[in-house]
Number of protein chains: 2
Amino acid sequence: MENERPAAKAAYHHGNLKAALIEAADMILRDHGIEGFSLREAARRAGVSIGAPAHHFGSATGLLTEVALLGYESLGQALNAVPPTEDPAADLQQLALAYVNFALAHPGRFRLMFRPDLVNRDDPRYSLASTAALTGFATAIGRRKGGMAEIFMVWSSIHGMANLILDGKAKYLFNGATPEDFVANLLPDLLSQAWPFGAGHSPQDCV
Amino acid sequence: MENERPAAKAAYHHGNLKAALIEAADMILRDHGIEGFSLREAARRAGVSIGAPAHHFGSATGLLTEVALLGYESLGQALNAVPPTEDPAADLQQLALAYVNFALAHPGRFRLMFRPDLVNRDDPRYSLASTAALTGFATAIGRRKGGMAEIFMVWSSIHGMANLILDGKAKYLFNGATPEDFVANLLPDLLSQAWPFGAGHSPQDCV
DNA sequence: TTTCCATCTATACAGTGCTCAGATAATCCA
DNA sequence: TGGATTATCTGAGCACTGTATAGATGGAAA
């Protein structure tokens, strides 16, 4: 911090501005959410002039696209951290937990990743990062019962949970718990008791 | 149109500005989505000065809150238009269809309704409108298997579908179909085949 | 050393939400 | 009917935003 800023300010050429701006943008998302982001604030945090980001990213969308790519990468890591066991249904439940946990732990990133107006999806890296993050997830579903339709249904369910909780539409489930407590304590029970895709449920019986 | 605008321009007092601004904002959402909205553009469409809306709504959030209230009202109407039958599971499936259909038919409204940063949820009318829109929906779920947890799971599933489709994350299911075609033709099959809450599935077997 | 070029600064423009003094007219009251 | 009150709306101004462009800077290649 204290040994980078002066160097960055002293040097006309930042040296690593692109990475610094991505980092700064990600920090803004963490601190003030997606609505707190501005290209100028990112430039300010990197200790650089207003117009500097344009050279590296072209536009605000360009910078946010990079952050979204990192977001998908970190989501993929969180999902891949769930070790596959012999019980695909239990795995699926753990994956759901990891997905919701990620959304609550990184709401800014998560929201950005699904905002088509803020991210350039024509960037070929976007579809790569997006699918890469969900492949382990998709195969875990496929081990129970394949098909795009099933993957879509499970994903919808998980994604809907994350969004409803994140948007404050599920407060009646919290019982005064913090988001961390909710994911750690309440959500696992909720998933095993009422989630039709998780352990204790047999999708074959349902179809 | 042509007989309202001149009257609105001629008269210093608009006479019905509050309603006109809400209507204008809703039209902006329809035409250009949530990101195309601006308080100034709403004022422009109503043929009124920039500062006029502030008197009626205080802020942009104030105006958007009114639009969100209308949104919940129209969602409630769409869901209540689904007639209850003797088969609660089939009803649930129709409700899911209506929910997703609403989201795709009114993406601007739908997105606004779930944006906590754009809507004033402290307005007591918000929680009223929000819960009122979903009561019929909730009771239909309750007829199958009660409990807040089940309602949350079904809602999550439906809401997740709507969001993933709306955010362009389910294009692989479309097979080149338009959103209208998708809801009319493909989604019903998808729901009856892969949705664990719909007709053809017995939640009792799953639990 | 000198040229070249990527990088960054400075400035300007059009747009935004919000604030506030003042103009306007509808309404209420005598 | 006439006058005062009050809700309504205007217009200008402030601080902020993203983007475009001309020019300054200095590292790197020749």
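Just the heavy atoms: all of them, side chains too, but no hydrogens, waters or symmetry mates, feed the values below.
Scanning all heavy atoms of the two residues, the minimum distance from A:R115 to B:R115 falls at NH1-NH1, 3.4 Å.
Using a cutoff of 4.0 Å between basic side-chain nitrogens and carboxylate oxygens, A:R45 and A:D31 are scored as salt-bridged.
For C:dG17, neither phosphate oxygen OP1 nor OP2 lies less than 4.0 angstrom from any side-chain nitrogen or oxygen of B:S59. Taking 4.0 angstrom as the limit, B:H56 places a side-chain polar atom (N or O) nearer than this to OP1 or OP2 of D:dC9. For D:dG11, neither phosphate oxygen OP1 nor OP2 lies less than 4.0 angstrom from any side-chain nitrogen or oxygen of B:S49. Phosphate proximity of C:dT16 to B:R44: present, with a side-chain N or O under 4.0 Å from OP1 or OP2. Contact annotation: B:H55 side-chain N/O to D:dC9 OP1/OP2 distance is not under 4.0 Å.
When rounded to the nearest whole Å, the span between CZ of A:F57 and C1' of D:dG18 equals 15 Å. We find that CD of A:E35 is positioned 14 Å from P of D:dT17, with the value rounded to whole Å. Regarding B:L118, its CG atom lies at a distance of 14 Å from the C1' atom of C:dT16, rounded to whole Å. Atom CG of B:N120 and atom C1' of C:dG17 are 16 Å apart (whole Å). Between the CG atom of A:L39 and the P atom of C:dC8 there is a distance of 14 Å, rounded to whole Å. For the pair B:L17 CG and D:dC9 P, the interatomic distance rounds to 5 Å; values are reported in whole Å. Rounded to whole Å, atom C1' of D:dT17 lies 10 Å from atom CD1 of A:I50.
Checked by atom type, the side-chain pair B:R121/B:S127 shows no donor-acceptor distance below 3.5 Å.
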- Query: Would A:Y99 and A:F110 satisfy ring pair (Phe, Tyr, Trp, His ring centres under 6.0 Å), going step by step from the backbone distance to the final call?
  - Reply: CA-CA 10 Å; A:Y99 191 96; A:F110 184 78; 5.7 Å; yes

- Item | Stepwise side-chain hydrogen bond (donor to acceptor under 3.5 Å, both in side chains) check, A:T65 with A:D123 | CA-CA 8 Å; A:T65 299; A:D123 190 318; 6.0 Å; no

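Using five terminal pairs a side, the axes of the helix from C:dT1-D:dA30 to C:dA30-D:dT1 at its two ends make an angle of 0°, given in steps of 10 degrees.
Between B:F114 and B:H159, the two ring planes are tilted [angle within 30° to 60°]. Ring planes of A:W195 and A:F197: perpendicular class, angle over 60° (limits at 30 and 60°).
Comparing A:E41 and A:G58 by the nucleotide of DNA chain D that holds the closest heavy atom to each, the one mapping nearer the 5' end is A:E41. With the nearest nucleotide of DNA chain D identified for both A:F37 and B:A52, B:A52 has the one nearer the 5' end.
Of the candidate nucleotides C:dT9, C:dG17, D:dT19, D:dT19 has the atom nearest to the side chain of A:R40.
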